[in-house]
Amino acid sequence: MSDFNPHQPPGFQPRRTATEKQIWWSGRGGQNQIATRQVTIAATAVDTTNTPTTTLRAGLVLALNSSTGKAHAYDPTANDGTQVALGVLERPVEMLVDGVATERFAQVIVQGMLKESELIGLDARGRQQLAPRFLFDRHLDQGAGPLMQPRVVRRVSANTNVTADDNGALFVATAAVEFTLPTAANGLAFRFLQSADQNLTIAGSNLLHRGNAAATQVAFSTSSQKIGSHVLVECLYIAADQLRWVVSNLGGTTATIS
């Protein structure tokens, strides 16, 4: 099916075939549950996981370059504004005009109810950035951030493998517990609190804490300092190619790093 977009610049453009998909929820009467704004997509914008990369698919998460104000694909490793998700591309956009990459106009969904499985390039950090303006069908219970207002409190008394689905949770240990972190993914964050006079251990890879940027374990086992051990663990890029678990000691008790 040929896809005509009235928001594109006029003139002859290549015929392209697009797969139609609905990335938003519909109301009871079929209404679109979204709000959009028009943006200029930079000529250099690409959809890195598509073939060809110059065809931007509907559902691609976009962000704005702080200097130019133009849209690119969301990039959590960037430092030019495109690391902050703006919204989601409403319809496919072909960036080539007569074989030349060209700036395009497009509508971006900036508020509404979205089907998360249809989105492209969304990670946990991007979801947090968009959460104040969007409702995602797969994560209806992920609201406030994990630092001040945990999404859920889980009380555990045995060694526990933390999963990505626990994002935003506060784990309260009621016995000696070792928490094993999941595979690192940008935007994941958890809190851990020891309520008993027992050891609290955080295990994983590439933990960053007090002089060590690649630790595998942070433990709180000092006698008389176990109760109240309390840490925030956040996964983020400290550089474009370095994803780390940043461990913040909220309780002030002594940590042993290995």
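Because only heavy atoms are used, hydrogens play no part in the values below, and waters and symmetry mates are left out as well, while side chains stay in. As the structure is a computational prediction, the values presented were derived from the model and not from experiment.
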- Can you check side chain to side chain contact (heavy atoms under 4.5 Å, CB included) on L130 and F136, steps first, answer last? CA-CA 10 Å; L130 296 176; F136 299 102; 4.0 Å; yes
Q | Pair R57 + D47, salt bridge at N-O below 4.0 Å | A | yes
- Query: Hey, is R127 close enough to E116 for a salt bridge, meaning N to O under 4.0 Å?
  - Reply: yes
Go through it in stages, so that I can follow the logic: the residues are I202 and V233, the test is side chain to side chain contact (heavy atoms under 4.5 Å, CB included), and I'd like the CA-CA distance, side-chain angles, deciding distance and then a yes or no. CA-CA 9 Å; I202 312 300; V233 182; 4.2 Å; yes
Checklist line | Donor-acceptor pair between Q107 and T36 side chains, under 3.5 angstrom | finding: yes
The reported gap from CD1 in I227 to CG in L193 (rounded to nearest 0.5 angstrom) is 10.5 Å
Q | Backbone of A215 reached by a side-chain donor or acceptor of N212 within 3.5 Å | A | yes
The reported gap from CD1 in I257 to CD in Q217 (rounded to nearest 0.5 angstrom) is 11.0 Å
Value for CD1 (I109) from CG (L119), rounded to nearest 0.5 Å, stands at 8.5 Å
- Query: Does any non-hydrogen side-chain atom of E178 lie less than 4.5 Å from one of N159?
  - Reply: yes
Rounding to 0.5 Å, atoms CG (L181) and OG1 (T163) come to a distance of 11.0 Å
Under 3.5 Å, side chain of Y74 to main-chain N/O of V84, donor-acceptor pair present?
no
A85 and Q129 have their tightest heavy-atom pair at N-OE1, 2.7 Å
Per side-chain contact (heavy atoms from CB on, under 4.5 Å), F105 is matched among I41, T40, V39 by T40
Partner of P76 under side-chain contact (heavy atoms from CB on, under 4.5 Å), picked from L243, V61, T82, N186, is N186
query: Does some side-chain heavy atom of L232 sit less than 4.5 Å from a side-chain heavy atom of E234?
result: yes
Checklist entry - Side chain of T68, backbone of K70: donor and acceptor closer than 3.5 Å? => result yes
When you compare the side chain of T222 with that of F220, does any pair of heavy atoms fall below 4.5 Å?
no
Between N249 and V231, the two heavy atoms sitting closest are CA-CG1, 4.2 Å
Here the pair of heavy atoms bringing S157 nearest to A175 is O-CB, 3.7 Å
Problem - Pair E94-T55, side-chain donor/acceptor within less than 3.5 Å - result: yes
Which of S229, S224, S221 passes side-chain hydrogen bond (donor to acceptor under 3.5 Å, both in side chains) with T253? It is S229
One should read off an interatomic distance between L56 CG and R91 CZ, to the nearest 0.5 angstrom, of 15.0 Å
Requested in this report: Flag the pair T102 / M95 as yes when at least one side-chain heavy-atom distance between them is below 4.5 Å, and no otherwise.
Outcome: no
Review point. So F190 and F192, would you call those rings parallel, tilted or perpendicular, with 30° and 60° as cut-offs?
Key: tilted
Practice item. Any chance you could lay out the side chain to side chain contact (heavy atoms under 4.5 Å, CB included) test for I34 and E90, step after step, and finish with the verdict? Key: CA-CA 10 Å; I34 59 172; E90 182 180 16; 3.9 Å; yes
Original post:
Quick one: are I120 and T49 in side-chain contact, heavy atoms under 4.5 Å?
Top reply: yes
| message | Within the structure provided, determine whether V172 and R155 are in side-chain contact (heavy-atom separation under 4.5 Å). | response | yes
Would T53 and T48 count as having a side-chain donor-acceptor pair, cut-off 3.5 Å? no
Would D80 and H72 satisfy side chain to side chain contact (heavy atoms under 4.5 Å, CB included), going step by step from the backbone distance to the final call?
CA-CA 11 Å; D80 58 3; H72 297 257; over 6 Å; no
Heavy atoms of L188 and P182 approach each other most closely as CD1-CG, 4.1 Å
Notebook entry, point to check: Cut-off 3.5 Å, side chains only: do N199 and T201 have a donor facing an acceptor?
Noted result: no
| message | Does any part of the side chain of Q198, heavy atoms only, come nearer than 4.5 Å to the side chain of T174, both counted from C-beta? | response | no
Please determine whether residues W24 and L122 belong to a single hydrophobic cluster, defined as Ile, Leu, Val, Met, Phe, Trp and Tyr linked transitively by side-chain heavy-atom distances below 4.5 Å.
yes
Residues D75 and T77: side-chain donor-acceptor under 3.5 angstrom = yes
Got a donor-acceptor contact below 3.5 angstrom from the R244 side chain to the A213 backbone?
-> yes
Value for CG (L89) from CZ (R104), rounded to nearest 0.5 Å, stands at 12.0 Å
For A63 and G81 the tightest heavy-atom approach is CB-O, 4.1 Å
Between H230 and R191, the two heavy atoms sitting closest are NE2-NE, 3.1 Å
The remaining residues in the hydrophobic cluster of L208, counting side-chain heavy-atom contacts under 4.5 Å among Ile, Leu, Val, Met, Phe, Trp and Tyr, are L236, I238, V246
